[in-house]
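Presented below is the structure to which this report refers.
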Amino acid sequence: MASSSPSHSYLTHLPLHPSHQGDSEKRVEDDESRVPIHIVTAASQLPVEFLEPSPQSKLVIGFDCEGVDLCRKGTLCVMQLAFPDAVYLVDAIEGGEELIIACKPALESNYITKVIHDCKRDSEALYFQFGVKLNNVVDTQIAYSLIEEQEGRKRLRDDYISFVGLLADPRYCGKSYDEKEEVRVLLRQDPKFWRHRPLSEQMVRAAADDVRFLLYIYHQMMEKLNERSLWYLAVRGVLYCRCFCLNSNNFADWPSLPPIPVDNLNADGSDPKEEILSVLDIPQGKMGLVIGKRGATILSIKQSCNAEILTGGPKGPPDKVFIIGPVKEVRKAEAMIRGRILDI
């Protein structure tokens, strides 16, 4: 098999575990350790404790995927895994389906926590291209919103923080990520950027940069999240992973949702609310009525409901709306969307 990268080795910096100094705005400066970046084309190059998940050796890793038009119909090209002592770039182009399938037990395991920023499209690509049901994620995009809400800063459910914005926030990292824009420019110029082999140094650096801060951010967030928010984080992580992964059995073969807790989480006097994912079929040609001119209609619905409302967009699936939130708010959003469809 051809080598997927130049023969020389790579190193990157991983921020050290944040100290418990009570510093509310900790910046990542020089407190970083140098770790190797391994380019993986065969499962034997991955740690055994990753390939063979076990309750005796639970792991927390940073996780991300890169690809060409990353979704059900695109191509997953690289899967990044950040461990405390190394970053692994799993080359799906050189290693093929066999390599990704070897990672399937870990990606579906409850014993390995995958820290990721916005898991929806990554989960979709893994499911439709390799049959992997991504499980046990900590989505830093969800965690950020929960902390904002917990600390009294109200946001719309889908008022997302970008990964660049999260890195720049001094409460979590305080690090600029100018290189991300350089990669975006390259992707616009060459949409098949991530398919090229051998992996260039720029590709290796960009892939590693997308995961090397995630464990640091994870520890910062875990110190802030209360028990109630941690439950919502787990629930929404499951629903985000399912979001674009439509199947015929209503996700019966997917990991189940965490049960509603019965005590200790209602400090504000209200019980935790069950949250669900609803998928609405939109009649052909009617999506414009749901979205409205410049998105005005769907924005109005979002502002009226405490629920996240997503469309497939250019990547699909087309003619469907995905709603995530408390049951009552989801039903309200459904009714408003159906009303717009019938509005002639």
Side-chain angles (χ1 to χ4, degrees), residues 1-7 9-10 12 36-53 59 61-83 86-109 112-137 139 163 180 183-184 186-187 190-212 214 240-241 243-245 315-316:
M1 180 177 291
S3 172
S4 66
S5 68
S7 58
S9 59
Y10 297 99
T12 191
I37 303 173
H38 300 297
I39 298 173
V40 176
T41 58
S44 60
Q45 297 169 280
L46 288 165
V48 173
E49 60 267 30
F50 174 78
L51 294 173
E52 301 175 6
L59 301 174
I61 62 170
F63 180 75
D64 192 27
C65 297
E66 307 295 349
V68 176
D69 194 23
L70 192 65
C71 61
R72 67 186 59 203
K73 295 180 180 178
T75 303
L76 192 155
C77 300
V78 179
M79 189 168 68
Q80 303 105 287
L81 313 171
F83 288 71
V87 172
Y88 295 84
L89 306 184
V90 180
D91 190 340
I93 299 299
E94 291 289 331
E97 182 176 5
E98 180 180 357
L99 177 56
I100 303 301
I101 294 302
C103 298
K104 187 174 190 284
L107 299 177
E108 296 184 346
S109 175
I112 300 180
T113 300
K114 280 71 68 176
V115 184
I116 184 173
H117 191 83
D118 191 3
C119 65
K120 294 187 291 293
R121 290 298 183 185
D122 302 69
S123 179
E124 181 188 22
L126 287 165
Y127 180 60
F128 285 102
Q129 295 178 38
F130 303 101
V132 172
K133 303 178 186 73
L134 187 61
N135 178 40
N136 193 22
V137 304
D139 192 314
F163 186 53
K180 188 73 172 177
V183 175
R184 286 182 179 141
L186 288 172
L187 285 169
D190 180 7
K192 295 185 178 179
F193 174 79
W194 287 110
R195 280 196 64 98
H196 298 315
R197 295 298 181 272
L199 290 169
S200 67
E201 181 171 357
Q202 183 179 36
M203 295 167 80
V204 170
R205 298 292 180 201
D209 282 348
D210 275 355
V211 292
R212 69 186 181 98
L214 285 173
Y240 267 52
C241 283
C243 184
F244 295 131
C245 300
K315 293 184 177 182

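Just so it is clear, the values below take in all heavy atoms, side chains as well, and ignore hydrogens, waters and symmetry mates. All values reported here derive from a predicted model rather than from experimental measurement.
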* **Side-chain donor/acceptor of K114 to backbone N/O of N135, under 3.5 Å** => yes
* Structure fact -> All heavy atoms of Q45 vs all of I39, minimum pair found to be NE2-O, 3.5 Å
* Asked: Quick one: are S123 and C243 in side-chain contact, heavy atoms under 4.5 Å?
  -> no
* To do: Start with the C-alpha distance between L186 and D190, add both sets of side-chain angles, then the distance that settles side-chain contact (heavy atoms from CB on, under 4.5 Å), and finish with yes or no.
  => CA-CA 6 Å; L186 288 172; D190 180 7; over 6 Å; no
* To do: Flag the pair D139 and K120 as a salt bridge only when some basic side-chain nitrogen lies within less than 4.0 angstrom of an acidic carboxylate oxygen.
  => no
* Asked: With no hydrogens and no angle check, is any side-chain donor or acceptor of Q129 less than 3.5 Å from a backbone partner on C71?
  -> yes
* Cation-aromatic face contact R121/F244, 6.0 Å, 45 degrees -> yes
* To do: Evaluate side-chain contact (heavy atoms from CB on, under 4.5 Å) for D209 paired with F163, printing each intermediate quantity in order.
  => CA-CA 11 Å; D209 282 348; F163 186 53; over 6 Å; no
* To do: Give, for atom OH of Y10 and atom CG of L89, the distance between the pair rounded to the nearest 0.5 Å.
  => 10.0 Å
* **Spacing of C241 atom SG and I116 atom CD1 [to the nearest 0.5 Å]** => 7.5 Å
* So, D91 side chain and T41 main chain: donor-acceptor pair closer than 3.5 Å or not? -> no
* Is the side chain of D122 donor-acceptor paired with the backbone N or O of C65 at a distance under 3.5 Å, no angle test? -> yes
* **Shortest non-hydrogen contact from C119 toward Y240** => SG-CB, 3.4 Å
* Output, in order, the C-alpha distance, side-chain angles, deciding distance and verdict of side-chain contact (heavy atoms from CB on, under 4.5 Å) for V211 and V87. => CA-CA 8 Å; V211 292; V87 172; 4.0 Å; yes
* **CG-CD distance between L46 and E52, expressed to the nearest 0.5 angstrom** => 11.5 Å
* Structure fact -> Output for pair (D69 CG, W194 CH2), nearest 0.5 Å, gives 15.5 Å
* Aromatic ring pairing F50/F83, orientation class (parallel under 30°, perpendicular over 60°, tilted between) -> perpendicular
* Spell out, as yes or no, whether a donor-acceptor pair under 3.5 Å connects the side chain of K73 to the backbone of G316. => no
* **Working for side-chain contact (heavy atoms from CB on, under 4.5 Å), residues L99 and V90** => CA-CA 8 Å; L99 177 56; V90 180; 3.4 Å; yes
* In terms of the angle between their ring planes, are H38 and Y88 parallel, tilted or perpendicular, with boundaries placed at 30° and 60°? -> tilted
* Asked: Do E97 and F130 have side-chain heavy atoms sitting under 4.5 Å apart?
  -> yes
* Asked: What's the spacing between E94 CD and C77 SG if we round to 0.5 Å?
  -> 11.0 Å
* Asked: Does M203 reach the side chain of V78, with side-chain heavy atoms less than 4.5 Å apart?
  -> no
* To do: Answer yes or no: does atom CZ of R205 have more than 12 heavy-atom neighbours from other residues, nucleotides or ligands under 6.0 Å?
  => yes
* Between K104 and E108, is there a salt bridge with N-O shorter than 4.0 Å? -> yes
* **Minimum-distance pair of heavy atoms, taken over all atoms of T75 and L70** => O-CD1, 4.3 Å
* Residue pair V204 / I37, side-chain heavy-atom distance below 4.5 Å -> yes
* Would you give the length of the straight line joining atom CG of L76 to atom CD of E66, rounded to the nearest 0.5 angstrom? => 9.0 Å
* To do: Determine whether the side chains of H117 and D210 contain a donor N or O and an acceptor N or O closer than 3.5 Å.
  => no
